[in-house]
Student: 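Before we start, here is the structure in question, set down as structure tokens.
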Amino acid sequence: MKAAVIHGPGSIKYDTVDDPILKEKDDIILKVTSTAICGSDLHIYSGGFPQPRPMVLGHEFMGIVEETGSAVTHLKRGDRVVVPFPIACGNCFFCDHDSPGNCEHSNPEHYGPEGGIMTEKGGALFGYTDLYGGYDGGQAQYVRVPYANYGPRVVPEDLSDEQVLFLTDIFPTGYTGVDWGEVKGGETVAIFGAGPVGIMAAKSAWLRGASQVIIVDTLQYRLDKARVTTSSTTILWNDGPKDVVEQIRALTKGRGADVCIDAVGFEPDRNLGDRIKATLNFEKGSIKVLEACMSAVRRNGIVSVLGVYPVNYDNFPLGQFFDKGIVLKGGQAPAHKHIDKLLDYVIQGKVKLDDIITHRLPLSEISHGYEIFKKKEDNCVKVVLDPWK
């Protein structure tokens with residue numbers, strides 16, 4: 001089959017690889033009909049997450065069941081499904097507590113309670129390095145899906161792939177940020193990052209009854225897309241975080257937002273000073289967005305961290321965290337917990353997901369897709385790929 005294979009930082013190729021096979025009785029083989037590039041994939045592409053051997057990437061995919069293991073009970077050949085991005089068994093302590101990203105069984109070689117930088121990681125993820133299970137991902141024509149009795153969801157035939165594809169990750173992830181923020185109605189939610197996850201967080205905030213949604217980004221074209229797709233207030237991060245925080249406070253009677261969501265992570269846009277600071281501190285990337293969230297949130301407010309942070313930082317603002325009484329939540333989104341409810345929102349027409357797509361490409365143009373997404377060229381916000389072109 002054909003697949004997108006990472007060969008090292010900045011090198012992803014359209015390769016011919018072996019077809020996947022059933023390895024366990026509860027596996028399925030999925031013929032992928034649509035897949036997408038996620039901002040988290042860029043962390044592998046940039047080298048921020050090391051992957052020493054070639055690997056098929058991609059954790060946003062859907063398709064048609066091609067083959068089922070003997071223990072698969074609720075799927076059959078020909079079923080059309082979306083697949084949540086965490087690989088989870090469905091019956092361990094953490095799966096039983098709606099935390100599939102911490103599954104105890106899916107990542108046996110690298111799992112552990114510590115959560116270290118290179119050891120004792122969480123549960124497995126599709127196409128997300130050997131540290132997270134080493135499973136090939138779905139930027140391919142076919143993919144093996146483990147624990148198929150727990151993960152895949154059948155989708156209605158009258159909905160197109162693009163209407164439901166983002167139930168795999170970015171919609172549940174954006175929704176998780178708002179859910180962690182305990183939004184019940186009437187809150188101001190400030191979202192840092194107008195990429196796909198940030199836009200989905202804004203859509204989710206409106207679904208949960210927020211009275212005001214603010215989106216911050218460094219690029220005007222992304223803010224323009226966010227404004228059109230979410231009807232949110234937008235702020236251009238131009239003169240640094242202080243100006244952004246002051247604008248958010250001005251919109252919230254001086255208090256700050258009830259909830260701030262970091263939808264950027266450790267690889268934000270950085271100037272030379274930021275890079276020098278990281279080098280001197282022996283740190284990878286930056287926590288500048290998290291710091292801005294902690295300044296912009298009100299006292300006793302909640303900061304949800306959806307952006308990826310794979311390493312530790314000595315300059316974490318612990319004093320501010322304590323003085324303001326900030327609640328801080330983060331981690332892999334529990335996609336399985338929310339996916340059924342979010343699918344119902346799509347079916348009922350309460351939310352539209354495909355309006356963020358800016359580029360539709362054949363999988364054969366995978367290198368171009370990663371390049372424009374990484375460099376934010378051609379007004380790229382979201383790339384969807386057809387594995388059969």
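For the single chain, residues carry numbers from 1 onward in sequence order.
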Student: Between the main-chain N or O of Pro317 and the side-chain N or O of Gln320, is there a donor-acceptor pair closer than 3.5 Å?
Tutor: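 No, because the side chain of Gln320 does not come within donor-acceptor range (under 3.5 Å) of the backbone of Pro317.
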
Student: If you compare all heavy atoms of Gly174 against all heavy atoms of Ser204, which two are closest, and at what distance to 0.1 Å?
Tutor: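 Reported closest heavy-atom pair: C-OG, 3.8 Å.
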
Student: With a 4.0 Å cut-off on N to O distance, would you call Glu67 and Arg77 a salt bridge?
Tutor: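 No salt bridge links Glu67 with Arg77.
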
Student: Do the side chains of Lys76 and Asp79 get close enough for a salt bridge, i.e. N-O under 4.0 angstrom?
Tutor: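 A salt bridge is present here (some side-chain N lies under 4.0 Å from a carboxylate O).
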
Student: Could you check if a side-chain atom of Leu318 sits within less than 4.5 angstrom of a side-chain atom of Phe322, using non-hydrogen atoms only?
Tutor: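 Answer no - side chains too far apart.
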
Student: Pair Asp15, Lys2 - check salt bridge (Lys or Arg N to Asp or Glu O under 4.0 Å), show working.
Tutor: CA-CA 6 Å; Asp15 286 350; Lys2 292 293 187 179; over 6 Å; no

Student: Are the charged groups of Asp130 and Arg53 less than 4.0 angstrom apart, N to O?
Tutor: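 Arg53 and Asp130: salt-bridged.
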
Student: Do Thr188 side-chain atoms and Ala257 backbone N/O form a donor-acceptor pair below 3.5 Å?
Tutor: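 Looks like no, no N/O pair under 3.5 Å.
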
Student: Checking side-chain hydrogen bond (donor to acceptor under 3.5 Å, both in side chains) between Asn149 and each of Asn91, Asp26, Thr73, which is the one that passes?
Tutor: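 Only one of Asn91, Asp26, Thr73 forms a side-chain hydrogen bond (donor to acceptor under 3.5 Å, both in side chains) with Asn149, namely Thr73.
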
Student: Applying salt bridge (charged side-chain N to carboxylate O under 4.0 Å, His left out) between Asp258 and each of Lys184, Lys253, Arg298, report the one that passes.
Tutor: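 Filter result, single survivor: Arg298.
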
Student: Kindly assign one of parallel, tilted or perpendicular to the pair Tyr150 and His336, based on the angle between their ring planes and the thresholds 30° and 60°.
Tutor: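 Rings of Tyr150 and His336: parallel, as their planes differ by under 30°.
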
Student: Within a strict 4.5 Å, meaning less than it, do heavy atoms of the Phe126 and Phe61 side chains meet?
Tutor: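 Yes, close enough: below the 4.5 Å cut-off.
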
Student: When you look at Ser40 and Phe49, which way does the side-chain contact (heavy atoms from CB on, under 4.5 Å) test go after all the steps?
Tutor: CA-CA 10 Å; Ser40 296; Phe49 265 92; over 6 Å; no

Student: Between the side chain of Lys324 and the main-chain N/O of Val297, is any donor-acceptor distance below 3.5 Å?
Tutor: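 Flag set: sc Lys324 to bb Val297 pair under 3.5 Å.
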
Student: Show your reasoning for whether side chain to side chain donor-acceptor pair (under 3.5 Å) applies to Ser34 and Glu162.
Tutor: CA-CA 8 Å; Ser34 294; Glu162 291 185 355; over 6 Å; no

Student: Using atom types as modelled and distance alone, determine if a side-chain donor or acceptor of Thr119 lies under 3.5 Å from a backbone N or O of Gly116.
Tutor: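 Judged by distance alone, no pair lies under 3.5 Å.
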
Student: Knowing that exactly one of Val82, Leu75, Leu343 qualifies, which makes a side-chain contact (heavy atoms from CB on, under 4.5 Å) with Val154?
Tutor: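 The residue from Val82, Leu75, Leu343 that satisfies side-chain contact (heavy atoms from CB on, under 4.5 Å) with Val154 turns out to be Leu75.
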
Student: Could you give me the CA-CA distance, side-chain angles and deciding distance for Gln139 and Tyr370, then say whether side chain to side chain donor-acceptor pair (under 3.5 Å) is met?
Tutor: CA-CA 12 Å; Gln139 290 170 3; Tyr370 268 82; 2.9 Å; yes

Student: Could you walk me through whether Leu361 and Val383 pass the side-chain contact (heavy atoms from CB on, under 4.5 Å) check?
Tutor: CA-CA 7 Å; Leu361 299 175; Val383 179; 3.9 Å; yes

Student: Could you go step by step and tell me if Phe373 and Tyr45 meet the ring-ring contact (aromatic ring centres under 6.0 Å, His included) rule?
Tutor: CA-CA 11 Å; Phe373 191 35; Tyr45 181 68; 9.9 Å; no

Student: Which atoms form the tightest heavy-atom contact between Val72 and Asp27, and what is the distance?
Tutor: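 Scanning both residues completely, I find the closest heavy atoms to be CG2-O, 3.3 Å.
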
Student: Which heavy atom of Pro84 sits nearest to which heavy atom of Ile339, and what is that distance?
Tutor: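 Heavy-atom minimum between the residues: CG-CD1, 4.0 Å.
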
Student: Is any side-chain heavy atom of Leu219 closer than 4.5 Å to a side-chain heavy atom of Lys376?
Tutor: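 Yes; the side chains approach each other to less than 4.5 Å.
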
Student: Using only atom types and a distance under 3.5 Å, with no angle test, would you say the side chain of Thr230 pairs donor to acceptor with the backbone of Ala226?
Tutor: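 Checked: pair present.
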
Student: Using atom types as modelled and distance alone, determine if a side-chain donor or acceptor of Ser295 lies under 3.5 Å from a backbone N or O of Ala292.
Tutor: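 Side chain of Ser295 to backbone of Ala292, a donor-acceptor pair under 3.5 Å: no, none is there.
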
Student: Within the structure provided, determine whether Thr234 and Ile214 are in side-chain contact (heavy-atom separation under 4.5 Å).
Tutor: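 No, their side chains stay 4.5 Å or more apart.
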
Student: Over all heavy atoms of both residues, which pair between Ala263 and Ile191 is shortest? Give the atoms and the distance, please.
Tutor: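 Taking Ala263 first and Ile191 second, the nearest heavy atoms are CB-CG2, 4.4 Å.
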
Student: Answer yes or no: is there a side-chain heavy-atom contact under 4.5 Å between Ile199 and Lys225?
Tutor: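 Side-chain contact under 4.5 Å: yes.
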
Student: Apply ring pair (Phe, Tyr, Trp, His ring centres under 6.0 Å) to Phe85 and list each qualifying residue two or more places apart in sequence or on a separate chain.
Tutor: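 Here the qualifying residues are His59.
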
Student: Would you call Asp355 and Lys352 a salt bridge, taking side-chain N to carboxylate O under 4.0 Å as the test?
Tutor: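 No, Asp355 and Lys352 are not salt-bridged.
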
Student: Mind telling me whether Tyr345 and Tyr175 have parallel, tilted or perpendicular rings, with 30° and 60° as the class edges?
Tutor: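 Ring orientation of Tyr175 relative to Tyr345: tilted.
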
Student: Do Gln348 and Asp344 pass the side chain to side chain donor-acceptor pair (under 3.5 Å) test, and can you show the C-alpha distance, the side-chain angles, and the key distance before you say yes or no?
Tutor: CA-CA 6 Å; Gln348 295 168 25; Asp344 283 342; 5.0 Å; no

Student: In the structure I gave you, are the side-chain heavy atoms of Val311 and Tyr313 within less than 4.5 Å of one another anywhere?
Tutor: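 Heavy-atom side-chain distance check passes, below 4.5 Å.
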
Student: Are side-chain heavy atoms of Thr233 and Leu251 found at a separation under 4.5 Å?
Tutor: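 Heavy-atom side-chain distance check passes, below 4.5 Å.
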
Student: Under 3.5 Å, side chain of Arg80 to main-chain N/O of Pro156, donor-acceptor pair present?
Tutor: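 Confirmed, Arg80 side chain pairs with Pro156 backbone.
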
Student: Restricting to non-hydrogen atoms, name the atom on Ala201 and the atom on Val178 that form the minimum distance, rounded to 0.1 Å.
Tutor: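 Smallest heavy-atom distance, with atoms named: O-CG2, 3.4 Å.
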
Student: Are Lys121 and Tyr132 in a cation-pi contact, defined as NZ or CZ under 6.0 Å from the six-membered ring centre and within 45° of the axis?
Tutor: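 No - Lys121 does not lie over the ring of Tyr132 by the 6.0 Å and 45° rule.
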
Student: Before you tell me yes or no, could you show the steps for Thr173 and Met200 under side-chain contact (heavy atoms from CB on, under 4.5 Å), namely the whole-Å CA-CA distance, both residues' side-chain angles and the distance that decides it to 0.1 Å?
Tutor: CA-CA 8 Å; Thr173 297; Met200 292 298 168; over 6 Å; no

Student: Under the 3.5 angstrom rule, does the side chain of Asn107 hit a backbone N or O of Gly133 as a donor-acceptor pair?
Tutor: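 Looks like yes, one N/O pair under 3.5 Å.
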
Student: Should we count CG of Asp18 as having more than 12 external heavy atoms under 6.0 Å?
Tutor: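 Open.
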
Student: Determine yes or no for a side-chain-to-main-chain donor-acceptor pair under 3.5 angstrom, with Glu120 supplying the side chain and Glu114 the backbone.
Tutor: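 Judged by distance alone, yes, a pair lies under 3.5 Å.
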
Student: Taking Asp169 for its side chain and Glu60 for its backbone only, find out whether a donor-acceptor pair lies under 3.5 Å.
Tutor: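 No.
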
Student: Flag the pair Asp386 and Arg360 as a salt bridge only when some basic side-chain nitrogen lies within less than 4.0 angstrom of an acidic carboxylate oxygen.
Tutor: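 A salt bridge is absent here (no side-chain N lies under 4.0 Å from a carboxylate O).
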
Student: Going through the distances and angles, do Arg208 and Asp179 end up as a salt bridge (Lys or Arg N to Asp or Glu O under 4.0 Å)?
Tutor: CA-CA 8 Å; Arg208 291 281 292 248; Asp179 187 59; 2.9 Å; yes

Student: Please determine whether side-chain contact (heavy atoms from CB on, under 4.5 Å) holds for the pair Asp262 and Leu306, giving the CA-CA distance in whole Å, both sets of side-chain angles, and the decisive distance to 0.1 Å.
Tutor: CA-CA 6 Å; Asp262 176 350; Leu306 302 177; over 6 Å; no

Student: Any side-chain heavy atom of Met55 sitting closer than 4.5 Å to one from Asp136?
Tutor: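 The answer is yes; the side chains approach within 4.5 Å.
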
Student: Give a yes/no verdict on a cation-pi contact between Lys31 and Trp388, requiring under 6.0 Å between NZ or CZ and the six-membered ring centre and an angle within 45° of the axis.
Tutor: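 The answer is yes; both the distance and angle limits are met.
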
Student: Does the ring-ring contact (aromatic ring centres under 6.0 Å, His included) test come out yes or no for His43 and Phe266, once each step is laid out?
Tutor: CA-CA 9 Å; His43 300 317; Phe266 80 110; 4.8 Å; yes

Student: Hey, are Arg153 and Asp340 close enough for a salt bridge, meaning a charged N less than 4.0 Å from a carboxylate O?
Tutor: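 Salt bridge between Arg153 and Asp340, a charged N being under 4.0 Å from a carboxylate O: yes.
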
Student: Dump the intermediate steps for side chain to side chain donor-acceptor pair (under 3.5 Å) on Asn102 and His97, then the final yes or no.
Tutor: CA-CA 10 Å; Asn102 294 302; His97 287 79; over 6 Å; no

Student: Is it the case that more than 12 heavy atoms not belonging to Glu377 sit under 6.0 Å from its CD atom?
Tutor: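 Check passes, neighbour count above 12.
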
